[in-house]
Amino acid sequence: MPDQYREAKSLPSYTTATGTELFLEWQPDSTQAFAQSDDLLSVVGYAPQTSEYVFFEACATRVAAQVQLELPKALADAPVHLWATFSTFSGDSYAYSTYLGLL
C-alpha cells in the first residue's frame, strides 16, 4: 500500500490475517467532509487464482473502528486482493473504494 494511504488513519487496514480470519481496523474520524459515525463499511475480496469474490456488505459502522471477518475456507490459502469503502447508513452514497492490499 502506498505510504500516503498508510498515513490516512481513517482508511481501513488489515492488521492480522490468519487462515480464514481477517481483522480490519481504522480511526473512526467522522470529522472528515461527508463522514458520519453511522457510515457503513463494505469490504470486497478477489482471489485471482480461483476467480472468486467475497463481499462483506455493511459489515461495520465507522464508529466501531474495527471488524473481524471470516473468509470462506476455500480462500484460506489463496492470495486475496482487498478493497474497502464506506457508505452512508441509507446506502445512497458511497466513498471511493480503497485498495487495502494483497493477503
Side-chain angles (χ1 to χ4, degrees):
M1 181 182 308
D3 288 338
Q4 71 263 26
Y5 295 117
R6 289 184 194 279
E7 295 303 315
K9 304 274 190 228
S10 61
L11 299 175
S13 63
Y14 64 91
T15 56
T16 57
T18 57
T20 59
E21 292 182 6
L22 173 63
F23 184 75
L24 299 173
E25 62 183 353
W26 59 92
Q27 292 295 320
D29 184 6
S30 59
T31 62
Q32 302 175 77
F34 306 110
Q36 300 294 319
S37 60
D38 65 349
D39 289 344
L40 299 171
L41 176 72
S42 292
V43 179
V44 176
Y46 173 66
Q49 290 180 342
T50 61
S51 296
E52 291 184 62
Y53 286 89
V54 61
F55 187 49
F56 302 96
E57 185 176 16
C59 57
T61 61
R62 183 183 298 273
V63 74
Q66 63 184 17
V67 67
Q68 184 171 330
L69 303 173
E70 186 77 21
L71 295 170
K73 290 182 183 181
L75 299 180
D77 296 322
V80 178
H81 293 274
L82 294 174
W83 290 265
T85 188
F86 282 101
S87 70
T88 57
F89 185 78
S90 62
D92 60 355
S93 183
Y94 283 79
Y96 290 113
S97 62
T98 300
Y99 180 66
L100 303 181
L102 179 65
L103 292 180

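For this chain, numbers begin at 1 and follow the sequence in order. Atom set for the values below is all heavy atoms of this structure, side chains included, hydrogens, waters and symmetry mates excluded.
Under a hydrophobic-cluster definition in which Ile, Leu, Val, Met, Phe, Trp and Tyr are linked whenever side-chain heavy atoms come within less than 4.5 Å, directly or via other members, L102 and F55 are assigned to the same cluster. Note on Y94 and F89: separate hydrophobic clusters, where clusters join Ile, Leu, Val, Met, Phe, Trp and Tyr whose side-chain heavy atoms are under 4.5 Å apart, directly or indirectly. Cluster annotation: L40 and W83 are assigned to distinct hydrophobic clusters (Ile/Leu/Val/Met/Phe/Trp/Tyr, side-chain heavy-atom contacts under 4.5 Å, transitive). Both F86 and F56 belong to a common hydrophobic cluster when Ile, Leu, Val, Met, Phe, Trp and Tyr are linked at side-chain heavy-atom distances under 4.5 angstrom.
Atoms CD and CD, from Q27 and Q66 in turn, are 11.0 Å apart once rounded to the nearest 0.5 Å. From E57, atom CD reaches atom CG of L41 across 11.0 Å, with rounding to the nearest 0.5 Å. Between Q49 atom CD and L75 atom CG the span is 10.0 Å, to the nearest 0.5 Å.
With contacts defined as side-chain heavy-atom distances shorter than 4.5 Å, the pair V54/L69 does not qualify. Side-chain contact between L22 and L82 is present, with heavy atoms from C-beta onward closer than 4.5 Å.
Nearest approach of A76 to T20, heavy atoms of both residues: CB-CG2, 3.6 Å. Considering every non-hydrogen atom in both A60 and W26, the closest pair reads CB-CH2, 3.9 Å. Considering every non-hydrogen atom in both C59 and V67, the closest pair reads O-CG2, 3.7 Å. Residues A47 and A78 approach most closely at CB-CB, 4.4 Å, considering heavy atoms. In this structure, V80 and G45 approach most closely via the heavy-atom pair CG1-CA, 3.9 Å. Contact record, L100 with A84: CD1-CB, 3.8 Å, taken as the closest heavy-atom pair.
Pairs passing the salt bridge (Lys or Arg N to Asp or Glu O under 4.0 Å) check and including a residue from residues 35-55, sequence neighbours excluded, read D39-R62. Listed by first then second residue, pairs satisfying salt bridge (Lys or Arg N to Asp or Glu O under 4.0 Å) with a partner in residues 84-95 number zero, not counting sequence neighbours.
Put simply, the side chain of T85 gets close to the backbone of A95: a donor and an acceptor are under 3.5 Å apart.
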